[in-house]
Participant: 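Okay, here's the structure, questions in a sec.
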Amino acid sequence: MNYNLPSHLSDMPIYKKAMEIIILSRSISTYLNQDLSYLDANGKEDNNIYFSGDIVQQSSNLAPEIINAERERYSDKKHKHLESLDKLTYRLYTNCKRLERSNSNGKDYLPMLRYELRKFRKLQHNWMLTL
């Protein structure tokens, strides 16, 4: 993914962690989808399959929000990007917890993603203090 990065951003720990989370969430989602894509005896699909797509979508939006916050000059607009980043990480963490209750072998990898999200939150906090 190339978002026309400012030169210093690719070296920042928060950006690197966001990229790791994107890769991890995509891998987990692919694994989960194999188990969750089947229909049950009544012909219904597993509702958890939507949460697996949500973790990919939400994690994919982390890096652009970091870039937008870094590029923004005005504090009120910068604050909106930071708020959006907070919401994304909260929803991502919540959807991981929901998926851990799913009927899939892939759920065993979700604690690893949640652990990486906790590390991301610590980096996020430190990074926000520098903006």
Participant: Would a 4.5 Å heavy-atom cut-off, applied to side chains only, mark N105 and L32 as touching?
Facilitator: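 N105 vs L32: side chains apart.
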Participant: Side chains of R26 and S60: does their closest heavy-atom pair fall under 4.5 Å?
Facilitator: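 When only atoms from C-beta onward are counted, S60 and R26 do touch, with a gap below 4.5 Å.
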Participant: To the nearest 0.5 Å, what is the distance between CG (L36) and OG (S104)?
Facilitator: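 One gets 5.0 Å once the value is rounded to the nearest 0.5 Å.
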Participant: Do we see a donor-acceptor contact under 3.5 Å between the side chains of Y93 and R118?
Facilitator: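 Yes, side-chain donor-acceptor contact under 3.5 Å.
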Participant: Find the distance between CG (N95) and CD (Q58) and round it off to the nearest 0.5 Å.
Facilitator: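 Separation between the atoms: 5.0 Å.
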Participant: Yes or no on side chain to side chain contact (heavy atoms under 4.5 Å, CB included) for Y15 and I67, after CA distance, side-chain angles and deciding distance?
Facilitator: CA-CA 8 Å; Y15 183 78; I67 294 167; 4.0 Å; yes
Participant: Return the CG to CE distance between L24 and M19, rounded to the nearest 0.5 Å.
Facilitator: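 It comes to 13.0 Å.
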Participant: Below 4.0 angstrom, N of the basic side chain to O of the carboxylate: do R98 and D54 qualify?
Facilitator: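 Answer for the salt bridge query: no.
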Participant: Give a yes or no on whether the backbone of K80 and the side-chain of S84 come within a donor-acceptor separation of less than 3.5 Å.
Facilitator: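 Absent.
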Participant: Quick check on K78: does its NZ atom have over 12 non-hydrogen neighbours (other residues, nucleotides or ligands) under 6.0 Å away?
Facilitator: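 Count over threshold, so yes.
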Participant: Is it possible for you to say whether L131 and I14 belong to one hydrophobic cluster, with membership spreading through side-chain heavy-atom contacts below 4.5 Å?
Facilitator: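 Yes, L131 connects to I14 through the hydrophobic network.
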Participant: Under a 4.0 Å N-O cut-off, is there an ion pair linking E83 with K87?
Facilitator: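 Yes, charged N to carboxylate O under 4.0 Å.
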Participant: Go through the structure and list residues passing side-chain contact (heavy atoms from CB on, under 4.5 Å) with Y109, not counting sequence neighbours.
Facilitator: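 Only I28, Y31, M112 meet the side-chain contact (heavy atoms from CB on, under 4.5 Å) criterion with Y109.
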Participant: So how far is it from Q57 CD to N61 CG, rounded to the nearest 0.5 Å?
Facilitator: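 Rounded to the nearest 0.5 Å, the CD-CG separation comes out at 5.0 Å.
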Participant: Do the side chains of I21 and L92 get nearer than 4.5 Å, heavy atoms only?
Facilitator: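 Touching, per the 4.5 Å side-chain cut-off.
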Participant: Assess whether a salt bridge exists between E100 and R114, defined as any Lys/Arg side-chain N lying under 4.0 Å from an Asp/Glu carboxylate O.
Facilitator: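 Salt bridge flag = yes for R114 with E100.
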Participant: For C96 and L110, work out which heavy atoms get closest and say how close.
Facilitator: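 Looking at all heavy atoms of both residues, the shortest contact is O-CD1, 3.8 Å.
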Participant: Run through T89, L85, N126 and flag the one making a side-chain contact (heavy atoms from CB on, under 4.5 Å) with R121.
Facilitator: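 Result: among T89, L85, N126, T89 is the only option passing the side-chain contact (heavy atoms from CB on, under 4.5 Å) with R121.
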Participant: Among the clusters formed by ILVMFWY side chains lying less than 4.5 Å apart, do L123 and Y90 turn up in the same one?
Facilitator: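 L123 and Y90: separate clusters.
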Participant: Is any side-chain heavy atom of L99 closer than 4.5 Å to one of K107?
Facilitator: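 When only atoms from C-beta onward are counted, L99 and K107 do not touch, as no gap falls below 4.5 Å.
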Participant: Mind checking whether N103 and D35 have side chains closer than 4.5 Å, heavy atoms only?
Facilitator: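 They are not in contact (no side-chain heavy atoms under 4.5 Å apart), so the answer is no.
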Participant: Answer with yes or no whether the side chains of Q124 and D86 bring together a donor and an acceptor at under 3.5 Å.
Facilitator: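 Present: a donor and an acceptor within the cut-off.
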Participant: Are the side chains of N33 and I49 in touch, meaning some heavy atoms are under 4.5 Å apart?
Facilitator: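 Yes, their side chains come closer than 4.5 Å.
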Participant: Return the CD1 to OG distance between I55 and S29, rounded to the nearest 0.5 Å.
Facilitator: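 Reported to 0.5 Å precision, the distance equals 5.5 Å.
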Participant: Mind checking whether E70 and H81 have side chains closer than 4.5 Å, heavy atoms only?
Facilitator: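 No, their side chains stay 4.5 Å or more apart.
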Participant: Report the distance from atom NZ of K77 to atom CG of L82, rounding to the nearest 0.5 Å.
Facilitator: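 The CG atom of L82 is 14.5 Å from NZ of K77, to the nearest 0.5 Å.
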Participant: Under 3.5 Å, is there a donor-acceptor pair between the S102 and N48 side chains?
Facilitator: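 The answer is no; no qualifying pair exists.
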